[in-house]
Amino acid sequence: MSATVSFKVPSPGGPQPVTVSYARVGSGEPLLLLHGIGHHRQAWDPVVDILATERDVIAVDLPGFGASPALPDGLAYDLPTTTAVFGAFCEALELDRPHVAGNSLGGLLALELGREQLARSVTALSPAGFWSEAERRYAFGVLLAMRHISRRLPLPLVERLSRSAAGRTMLTSTIYARPGRRSPEAVVAETLALAQATGFDATLRAGSAVRFTDDIPTVPVTVAWGTRDMLLVRRQGVRAKQIVPRARLVRLPGCGHCPMSDDPALVARVILDGSRRSGTPQAQRA
């Protein structure tokens, strides 16, 4: 079910209204899904039905991405603000410390929600924030190039390219290891989502100084990295394990930066396994 919810978020100038678009399906403990920069909630479509067999799945469009409007003046696209937005989002939907899974920027946000003890478990797929400065500059350069191309390509050309595996590879091989598996409709939709994302530039600027440097001792954490991630190279997963030593570090063989499409069954299993860890005696003692 697709819906929107509006709520207030504190700012230096007083509470500001924020509206977030989301889709919700399934039953069980709540599981919040957060996509990466320039993407939209449909990035999770390949795994949602599997997750929904055990979880109440809430896939959201980050503010300024997908169907969610931009943040109002007075709210920055930085990590503290976005964390506050999703804390308020969970309150508005009466989600009591949901499990949170995120990819890329969404993975960083998931870790931050875990650090703030707003999540009962965290699964981060190729999360941002564990890069060296050179790796960050490279990733941001690639993202800016992808954004530029998406805004320059006429829609009829995008539609024509999406009809062939070679065309889908040209459009999406930076983030998918198996771009031919994407449907033509999905490739067109995500190319448009990248081109039209009102929060892209401000989010990228805010991310230039971001590093995740804190342990998360009280929440079960899984960090998973695709072996064919060409945007955030997998050695960043080793750094994540060093910073969050209790985290479970998982390899995703043959997967790219957005692994949900490359191997839906594996990614769904990793997320569900990670969420089950919240009920173990070890997790409760941590």
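Model, not experiment: these values are computed from the prediction.
- Within the 3.5 Å criterion, the main-chain N or O of Ala177 finds a donor-acceptor partner in the side chain of Asp262.
- By the rule that hydrophobic residues join a cluster once side-chain heavy atoms approach within less than 4.5 Å of another member, Leu31 and Ile58 end up as members of separate clusters.
- Shown here for Asn103 and Trp44, the closest heavy-atom pair between the two residues is N-CZ2, 3.8 Å.
- Residues Arg115 and Asp215 are not paired through a salt bridge, judged by the lack of any N-O separation under 4.0 Å between the basic side chain and the carboxylate.
- Judged purely by distance below 3.5 Å, without hydrogens or angles, the side chains of His40 and Asp61 never pair a donor atom with an acceptor atom.
- Under the 3.5 Å distance criterion, the side-chain polar atoms of Arg163 are left unmatched by any main-chain donor or acceptor of Pro184.
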| task | Please lay out, stage by stage, how Trp131 and Phe212 fare under the test ring-ring contact (aromatic ring centres under 6.0 Å, His included). | result | CA-CA 9 Å; Trp131 41 46; Phe212 195 90; over 10 Å; no
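- When all heavy atoms of Tyr176 and Ser261 are compared, the pair lying nearest together is CE2-CB, 3.8 Å.
- Annotation: cation-pi pair Arg136/Phe140 present, NZ/CZ under 6.0 Å from the ring centroid and within 45° of its normal.
- A continuous path of hydrophobic side-chain contacts links Val122 to Leu249 [ILVMFWY only; heavy atoms under 4.5 Å].
- Proximity of a side-chain donor or acceptor of Arg211 to a complementary backbone N or O of Phe130 within less than 3.5 Å is not detected.
- Under a 4.0 Å N-O distance rule, the pair Arg24/Asp56 qualifies as a salt bridge.
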| message | Before you tell me yes or no, could you show the steps for Ser132 and Arg137 under side-chain hydrogen bond (donor to acceptor under 3.5 Å, both in side chains), namely the whole-Å CA-CA distance, both residues' side-chain angles and the distance that decides it to 0.1 Å? | response | CA-CA 9 Å; Ser132 68; Arg137 287 198 305 267; over 6 Å; no
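- Within a 6.0 Å sphere centred on CG of Asp49, other residues, nucleotides and ligands contribute 12 heavy atoms or fewer.
- Residues Ser126 and Asp229 have side chains that bring a donor and an acceptor to within less than 3.5 angstrom of each other.
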| message | Walk me through whether Arg55 and Ser275 qualify under side-chain hydrogen bond (donor to acceptor under 3.5 Å, both in side chains). | response | CA-CA 9 Å; Arg55 296 285 178 260; Ser275 68; 3.0 Å; yes
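- Minimum heavy-atom separation, Leu232 to Pro127: CD1-O, 3.7 Å.
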| said: Between Thr203 and Leu105, is the side-chain contact (heavy atoms from CB on, under 4.5 Å) condition met? List the steps. | reply: CA-CA 9 Å; Thr203 299; Leu105 168 62; 3.7 Å; yes
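- Using a 3.5 Å distance cut-off with no hydrogens or angles, the side chains of Tyr138 and Glu133 do not pair a donor with an acceptor.
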| said: Evaluate Val250 against Thr123 for side-chain contact (heavy atoms from CB on, under 4.5 Å), listing each step before the verdict. | reply: CA-CA 10 Å; Val250 179; Thr123 302; over 6 Å; no
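- Ile216 approaches Val244 most closely through the heavy-atom pair N-CG1, 4.1 Å.
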| request: Determine, stepwise, if the pair His257 / Thr174 fulfils side-chain hydrogen bond (donor to acceptor under 3.5 Å, both in side chains). | output: CA-CA 8 Å; His257 183 63; Thr174 304; over 6 Å; no
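- In this structure a side-chain-to-backbone donor-acceptor pair under 3.5 Å is missing from Ser68 to Gly64.
- A donor atom on one side chain and an acceptor atom on the other are not found under 3.5 Å apart for Ser121 and Arg97.
- Across every non-hydrogen atom of Tyr77 and Ala202, the tightest pair is CD1-CB, 3.5 Å.
- Between Phe65 and Phe200, the distance separating the two ring centers is not shorter than 6.0 angstrom.
- The same ILVMFWY cluster, assembled from side-chain heavy atoms under 4.5 Å apart, contains both Leu34 and Leu204.
- Remark: side-chain polar atoms of Thr227 are paired, donor with acceptor, to backbone N or O of Gly254 under 3.5 angstrom.
- Under the 4.5 Å side-chain heavy-atom criterion for ILVMFWY residues, a single connected hydrophobic cluster contains both Leu109 and Val5.
- Connection of Val85 to Leu32 is established within a shared hydrophobic cluster, with ILVMFWY side chains joined at heavy-atom distances below 4.5 Å, either directly or through further cluster members.
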| request: Take Thr222 and Arg248, measure what side-chain hydrogen bond (donor to acceptor under 3.5 Å, both in side chains) needs, and give me the verdict at the end. | output: CA-CA 5 Å; Thr222 298; Arg248 180 179 63 135; 3.1 Å; yes
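- Judged by distance alone, the side chains of Ser21 and Arg41 do bring a donor and an acceptor atom under 3.5 Å apart.
- For Arg239 and Glu135, the salt-bridge test passes: some basic side-chain N is under 4.0 Å from an acidic carboxylate O.
- You'll find the side chain of Leu143 reaches within 4.5 Å of the side chain of Leu231, heavy atoms only.
- Between the side chain of Arg120 and the main chain of Asp96, a donor-acceptor pair closer than 3.5 Å is present.
- Each of Val100, Leu118, Leu62, Leu95 was scored for a side chain to side chain contact (heavy atoms under 4.5 Å, CB included) with Phe86, with one residue passing: Leu62.
- The nearest pair of heavy atoms linking Pro10 to Leu75 is O-CD2, 3.6 Å.
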